[in-house]
**Q** 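Quick one: this structure, given as structure tokens, is what I'll be asking you about.
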Amino acid sequence: MKHIMYRILGLCTLVLMATACTTVQPWERGSLAQDVMAWQADAMKGSLDNHIHFAKEGTSGGGSAAGGGCGCN
């Protein structure tokens, strides 16, 4: 009985994952490129937050800037 429930759960998960994928059409890209769709609405605040993070943590968090723990980049 558990084996069947696991299969049903796996199938439902697979169906939900497959429906979440979509292709962005060229005419839809303009609305997705608007400022309100950005992860960080204020670019200056985001840059400052990233600098503080990699200065304190000693890692850049996957960004393009390399940094050390001292914050003297």
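The structure displayed is predicted, hence computed values, not measured ones. When a residue number appears, it is its place in the shown sequence, counting from 1.
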**Q** Applying salt bridge (Lys or Arg N to Asp or Glu O under 4.0 Å) as the test, list every pair that has at least one member in residues 6-16; sequence neighbours left out.
**A** none

**Q** Sequence neighbours left out, what pairs pass salt bridge (Lys or Arg N to Asp or Glu O under 4.0 Å) with at least one residue falling in residues 44-54?
**A** Lys45-Asp49

**Q** Among Val15, Leu14, Ile8, which one satisfies side chain to side chain contact (heavy atoms under 4.5 Å, CB included) with Cys12?
**A** Ile8

**Q** Would you please name every residue forming a side-chain hydrogen bond (donor to acceptor under 3.5 Å, both in side chains) with Lys2, sequence neighbours left out?
**A** none

**Q** Run the numbers on Thr13 and Met17 for side chain to side chain contact (heavy atoms under 4.5 Å, CB included), then give the verdict.
**A** CA-CA 6 Å; Thr13 303; Met17 287 174 52; 3.9 Å; yes

**Q** Donor-acceptor check, side chain of Ser47 to backbone of Met44, threshold 3.5 angstrom: yes or no?
**A** no

**Q** Give a yes or no on whether Leu11 atom CG has more than 12 heavy-atom contacts from other residues, nucleotides or ligands under 6.0 Å away.
**A** yes

